[in-house]
Amino acid sequence: MAIKCELCGNTEFVKEDGMFVCKGCNTKYSLEEAKKMMDGEENVSVVKETPQKLDNLYQLARRAKDENNSENAQKYYEMIVIEDPSSWEANFYSVYYQSMGCKIAGIQTAAIRVNNCEENVLNLIKSNLSEEEQKKAVEEISVNLIVISTMLFNAAKNHYDGIGYQIKANYTQEFLNNGCAARDILYNYGDLVIKHFGESFGKTVAVPCWKLGIDQHCKMMVHFAQKEQNKSIIETYGEKIRKYDQGYVTPAVTTTSGGCYVATAVYG
């Protein structure tokens with residue numbers, strides 16, 4: 001029976017200094033533990049200190065991230081959260097990759113999940129990183145939030161656009177729920193970055209998020225019942241952008257259609 005690493009599932013090992021070392025993640029097992037694993041016994045403990053275990057988990061998680069392997073990235077980042085709850089990287093990417101794998105019916109839930117983790121992650125960054133590291137982390141998150149918001153919004157819109165005209169009105173509410181939740185990932189992050197890190201992050205981080213949020217908002221405008229309230233929200237974010245980009249012009253919005261939307265005061 002082959003030895004199988006409990007951490008990464010790899011079955012290839014080398015022997016070093018009397019220990020069996022996994023070639024996949026460098027986890028070490030004693031001879032006694034290796035024998036127990038070959039005999040099929042469960043609950044074999046890993047012979048390694050927590051820092052080394054964390055290093056291995058980060059290596060596996062980042063490798064999966066670089067390879068766009070969402071399933072493995074989510075798995076390893078979730079393991080890191082258990083070992084190190086203060087890790088902003090693990091707290092963010094465990095949620096991020098979970099949400100990346102959602103289906104159409106889960107878009108709103110996935111977007112809200114991302115939205116809800118943003119402030120906690122920013123607090124962890126502010127509490128545990130140097131100023132230079134904070135800047136890199138905040139910017140890294142913004143790039144990924146733009147990616148996932150775009151993915152979720154486009155998936156919701158493409159699904160809605162593909163519905164036949166005869167029944168399309170039955171799905172307008174669903175599209176707006178999904179689209180607004182995806183949009184708010186960006187509105188919220190821009191607001192939170194300014195709240196926690198100040199104006200220095202406005203132009204480089206908040207503005208790109210707010211601009212894309214406005215773009216998504218405008219694409220839904222024709223379907224809102226409370227159009228004036230939504231136009232006001234768009235203009236509010238336009239004013240926020242102009243604080244850092246004076247030449248920005250808020251896009252004109254189309255309001256010539258029916259449609260209804262019932263949601264929070266933010267959505268209208």
Check the pair K231 / E228 against salt bridge (Lys or Arg N to Asp or Glu O under 4.0 Å), numbers first and verdict last.
-> CA-CA 5 Å; K231 286 174 64 178; E228 292 304 316; 3.7 Å; yes

Step by step, work out the side-chain contact (heavy atoms from CB on, under 4.5 Å) result for Y93 and S87.
-> CA-CA 10 Å; Y93 283 113; S87 168; over 6 Å; no

side-chain contact (heavy atoms from CB on, under 4.5 Å) evaluation trace for Y160 with T172 | CA-CA 7 Å; Y160 180 68; T172 300; 2.7 Å; yes

Go through the steps for Y96 and V147 under the test side-chain contact (heavy atoms from CB on, under 4.5 Å), then give the verdict.
-> CA-CA 10 Å; Y96 177 83; V147 169; 3.7 Å; yes

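A 6.0 Å sphere centred on CD of Q246 holds no more than 12 heavy atoms belonging to other residues, nucleotides or ligands. Remark: K136 NZ is loosely packed, at most 12 non-hydrogen atoms of other residues, nucleotides or ligands lying under 6.0 Å away. The local environment of CD in E140 is crowded, with over 12 non-hydrogen atoms from other residues, nucleotides or ligands closer than 6.0 Å.
Taken together through direct or relayed side-chain contacts under 4.5 Å among Ile, Leu, Val, Met, Phe, Trp and Tyr, L176 and I167 form part of one hydrophobic cluster. Criterion: ILVMFWY side-chain heavy atoms under 4.5 Å apart, direct or through other members. Under it, V121 and V81 are not part of a common hydrophobic cluster.
K240 forms a cation-pi arrangement with Y237, by the criterion of a distance under 6.0 Å to the ring centre and an angle within 45° of the ring axis.
Side-chain contact between I214 and I241: present, with at least one pair of heavy atoms (C-beta onward) separated by less than 4.5 Å. Residues W210 and D191 form a side-chain contact, since some pair of their non-hydrogen atoms from C-beta on lies under 4.5 Å apart. Counting heavy atoms from C-beta outward, Y77 and K65 have side chains that approach closer than 4.5 Å. Within the 4.5 Å cutoff, no side-chain heavy atoms of L122 are placed close to those of K126. Within the 4.5 Å cutoff, no side-chain heavy atoms of C102 are placed close to those of T109. Contact of the Y189 side chain with the N115 side chain is not registered, since no non-hydrogen atoms from C-beta on lie closer than 4.5 Å. Under the 4.5 Å side-chain criterion, counting only non-hydrogen atoms from C-beta, K203 is not in contact with D245. In this structure, S149 and Y187 have side chains that are not in contact, with every pair of non-hydrogen atoms separated by 4.5 Å or more.
Between F92 and W88, the ring planes lie tilted relative to each other; the angle falls in the 30° to 60° range.
With no hydrogens or angles considered, a side-chain donor-acceptor pair links N177 and Q173 at under 3.5 Å.
Here the OG atom belonging to S232 is positioned 15.5 Å from the NZ atom belonging to K227, to the nearest 0.5 angstrom. To the nearest 0.5 Å, atom OG1 of residue T150 and atom CG of residue L212 are 4.5 Å apart. Going from atom CD of E119 over to atom CG of N188 covers 7.5 Å, rounded to the nearest 0.5 Å.
Ionic pairing of K219 and D215 is present here: one or more N-O contacts between side-chain nitrogen and carboxylate oxygen are shorter than 4.0 angstrom. For E235 and R242, the salt-bridge test passes: some basic side-chain N is under 4.0 Å from an acidic carboxylate O. Look at K157 and D161 and you find a salt bridge, because one of the NZ, NE, NH1 or NH2 atoms lies within 4.0 Å of a carboxylate O, short of that distance.
Between K135 and the choices E131, E132, E133, E139, the side-chain hydrogen bond (donor to acceptor under 3.5 Å, both in side chains) rule is met once, by E139.
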